[in-house]
Enquirer: 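Quick one: this structure, given as structure tokens, is what I'll be asking you about.
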Amino acid sequence: MKIRDKILNVYTQFSPAERKVADYVLERPDDVIHYSITEFAKIVGVSETTIHRMIKKLDFEGYQAFKIALARELSGIEETIERRDFIDEEIDILRRLKDTLDMKNVEKAVEWILSAHRILFFGVGLSGVVSEYASLKFSLLGFHTFFSNDPHVQVIEAVNLTGEDLVISISHTGNIRDTVKSTQVAKDMGAKTIAITTNRQSELAKVVHLVLQSPPVKYDTYEFLRENIGEIAVVDVLFKETFQRIYRERKKHFENLEGVFKPKRF
């Protein structure tokens with residue numbers, strides 16, 4: 001995996017100081033390979049220890065090994081990294097999904113979906129929009145789904161769950177307090193729990209039984225500028241894998257569904 005991809009995959013796990021280092025590497029990698037760690041720390045405005053911690057999270061033994069690997073990568077790159085096309089950014093997120101999403105976990109999630117009495121989708125804010133999308137998609141497959149982006153309603157529903165139910169919680173950072181608490185209540189009631197999040201070390205990831213990791217997205221200054229395309233992509237993969245498993249036995253249902261939608265089109 002390229003260093004840029006490694007950084008983006010664990011970006012949400014960096015401290016604010018470590019993000020300053022990561023941002024500099026992403027924006028000016030050609031400069032970094034010429035700096036000693038002392039020079040780099042001074043330029044970025046962090047301690048050498050911060051740089052060591054950031055590099056360790058990328059699975060490099062030390063700064064020198066990191067620089068050598070970065071130099072090797074840059075020697076094979078002709079394009080500039082200073083400004084990227086917005087379309088390229090979207091494509092890049094989807095491409096990195098192969099690195100973050102464990103298909104064995106997807107298969108286990110599908111098994112839980114198929115055996116669930118009810119499937120509840122939790123999320124708030126932008127992730128709530130993705131949760132609503134997921135609920136609609138799986139209801140099309142004939143599953144009994146529920147969605148709410150209201151934390152109070154989520155908890156009310158969660159306390160009525162049993163071991164036959166499944167909760168899929170969606171949070172880009174995995175550290176939204178309301179989503180974590182609602183999911184914890186559902187788990188305490190015996191329901192199976194799945195998280196769709198970029199951060200495997202997040203509070204949400206610690207609560208659930210299973211994590212489906214979406215590709216992290218770097219955003220500048222404001223969190224609301226970040227994309228949700230990674231979480232949507234995970235939902236779509238899960239949806240299509242489930243559809244493939246049940247297509248034969250529910251073919252009549254899908255044909256009926258198509259018949260219902262057809263008159264609504266001009």
Side-chain angles (χ1 to χ4, degrees), residues 9-13 93-94 96-124 126-128 130-139 141 143-149 151 154-155 157-217 228-246:
N9 281 350
V10 296
Y11 191 81
T12 56
Q13 299 175 30
I93 293 169
L94 295 176
R96 288 189 291 108
L97 184 64
K98 283 189 174 182
D99 296 322
T100 62
L101 187 59
D102 187 336
M103 289 307 295
K104 289 184 179 179
N105 285 350
V106 171
E107 291 172 7
K108 183 179 290 186
V110 171
E111 292 292 339
W112 289 359
I113 287 170
L114 295 178
S115 62
H117 175 63
R118 297 177 68 207
I119 307 172
L120 289 78
F121 294 90
F122 291 166
V124 297
L126 293 174
S127 295
V130 183
S131 298
E132 184 175 14
Y133 170 77
S135 180
L136 175 60
K137 293 283 281 189
F138 280 91
S139 69
L141 296 183
F143 293 100
H144 184 191
T145 68
F146 168 86
F147 155 77
S148 177
N149 62 3
Q154 291 174 8
V155 170
E157 289 292 326
V159 296
N160 293 312
L161 298 180
T162 70
E164 296 181 341
D165 301 311
L166 171 65
V167 168
I168 300 179
S169 298
I170 301 174
S171 172
H172 184 82
T173 64
N175 288 317
I176 301 301
R177 190 182 303 274
D178 288 330
T179 305
V180 173
K181 287 188 173 181
S182 299
T183 307
Q184 181 68 67
V185 171
K187 185 180 181 182
D188 290 343
M189 293 299 104
K192 292 184 175 66
T193 53
I194 298 173
I196 298 178
T197 181
T198 63
N199 190 351
R200 297 189 65 86
Q201 307 302 319
S202 66
E203 294 304 310
L204 181 60
K206 295 173 185 176
V207 165
V208 298
H209 296 103
L210 185 68
V211 175
L212 301 178
Q213 187 180 7
S214 54
V217 178
N228 280 92
I229 190 172
E231 288 75 64
I232 292 173
V234 172
V235 169
D236 282 338
V237 170
L238 196 56
F239 170 81
K240 289 173 182 176
E241 288 287 335
T242 304
F243 172 76
Q244 192 172 36
R245 287 282 300 275
I246 66 175

Enquirer: Could you grab the distance from atom CZ of Arg200 to atom CG of Leu212, nearest 0.5 Å is fine?
Expert: 9.0 Å
Enquirer: For the side chain of Thr145 and the backbone of Ile119, is there at least one donor-acceptor N/O pair under 3.5 Å apart?
Expert: no
Enquirer: Of all the heavy-atom pairs spanning Val124 and Asn149, show the shortest one and how long it is.
Expert: CG1-O, 3.4 Å
Enquirer: Could you walk me through whether Val208 and Ile194 satisfy the side chain to side chain contact (heavy atoms under 4.5 Å, CB included) test, starting with their C-alpha distance in whole Å, then the side-chain angles of each, then the deciding distance to 0.1 Å, before giving a yes or no?
Expert: CA-CA 6 Å; Val208 298; Ile194 298 173; 5.9 Å; no
Enquirer: Checking Asn175 side chain against Glu203 main chain: does a donor-acceptor pair fall under 3.5 Å?
Expert: yes
Enquirer: Are the side chains of Val110 and Arg245 in touch, meaning some heavy atoms are under 4.5 Å apart?
Expert: yes
Enquirer: In Å, rounded to the nearest 0.5 Å, how long is the span from CG of Leu238 to CD1 of Ile196?
Expert: 6.0 Å
Enquirer: How long is the gap from OG on Ser171 to CG on Asp178, to the nearest 0.5 Å?
Expert: 10.5 Å
Enquirer: Counting N and O atoms only, with roles assigned by atom type, does the side chain of Ser139 sit under 3.5 Å from a partner on the main chain of Leu136, one being a donor and the other an acceptor?
Expert: yes
Enquirer: Judged by atom type as modelled, is there a donor-acceptor pair below 3.5 Å linking the side chain of Thr193 to the main-chain atoms of Val167?
Expert: no
Enquirer: Check whether any side-chain heavy atom of Val237 lies under 4.5 Å from a side-chain heavy atom of Val234, and answer yes or no.
Expert: no
Enquirer: Between Lys104 and Glu107 (salt bridge meaning N to carboxylate O under 4.0 Å), is one present in this structure?
Expert: no
Enquirer: Can you tell me if Gln154 uses its side chain to pair, donor with acceptor, with the backbone of Ser148 under 3.5 Å?
Expert: yes
Enquirer: Which pair of heavy atoms, one from Phe146 and one from Arg118, lies closest together, and at what distance?
Expert: CB-NH2, 3.8 Å
Enquirer: What pair of heavy atoms forms the shortest contact from Leu114 to Thr242, and how long is it?
Expert: CD2-CG2, 4.1 Å
Enquirer: Apply salt bridge (charged side-chain N to carboxylate O under 4.0 Å, His left out) to the pair Glu111 and Lys108, showing each step before the final yes or no.
Expert: CA-CA 5 Å; Glu111 292 292 339; Lys108 183 179 290 186; over 6 Å; no
Enquirer: Let's go through Asn9 and Arg96 carefully: what are the C-alpha distance in whole Å and the side-chain angles of both, what is the deciding distance for side chain to side chain contact (heavy atoms under 4.5 Å, CB included) to 0.1 Å, and is it a yes or a no?
Expert: CA-CA 8 Å; Asn9 281 350; Arg96 288 189 291 108; 3.3 Å; yes
Enquirer: Backbone N or O of His209 within a donor-acceptor pair of the Lys192 side chain at under 3.5 Å?
Expert: no
Enquirer: Run the side chain to side chain contact (heavy atoms under 4.5 Å, CB included) check on Trp112 and Leu210 step by step: do they pass?
Expert: CA-CA 10 Å; Trp112 289 359; Leu210 185 68; 3.8 Å; yes
Enquirer: Output the distance between atom NE2 (His172) and atom CG (Asn228), rounded to the nearest 0.5 Å.
Expert: 7.5 Å
Enquirer: Might you point out which heavy atoms bring Thr183 and Leu204 nearest each other, and give the distance in Å?
Expert: OG1-CD1, 3.7 Å
Enquirer: Give a yes or no answer on whether the side chain of Thr100 reaches the backbone of Gln213 with a donor-acceptor pair at less than 3.5 Å.
Expert: yes
Enquirer: State whether the number of non-hydrogen atoms from other residues, nucleotides or ligands found under 6.0 Å of Lys181 atom NZ is greater than 12.
Expert: no
Enquirer: Can you tell me if Ser131 uses its side chain to pair, donor with acceptor, with the backbone of Ser127 under 3.5 Å?
Expert: yes
Enquirer: If you look at every heavy atom in Leu161 and Ala186, which pair is closest and at what distance?
Expert: CD1-CB, 3.7 Å
Enquirer: Give the minimum heavy-atom separation between Phe147 and Gly128, together with the two atoms involved.
Expert: CE1-O, 3.1 Å
Enquirer: Show your working on side chain to side chain contact (heavy atoms under 4.5 Å, CB included) between Asn105 and Val211 and close with a plain yes or no.
Expert: CA-CA 7 Å; Asn105 285 350; Val211 175; 5.5 Å; no
Enquirer: If you round to the nearest 0.5 Å, how far is OH of Tyr133 from CZ of Phe138?
Expert: 9.5 Å
Enquirer: Thr198 side chain to Pro215 main-chain N or O, any donor-acceptor pair under 3.5 Å?
Expert: no
Enquirer: Once you round to the nearest 0.5 Å, how far does CG of Asp165 lie from OG1 of Thr162?
Expert: 4.0 Å
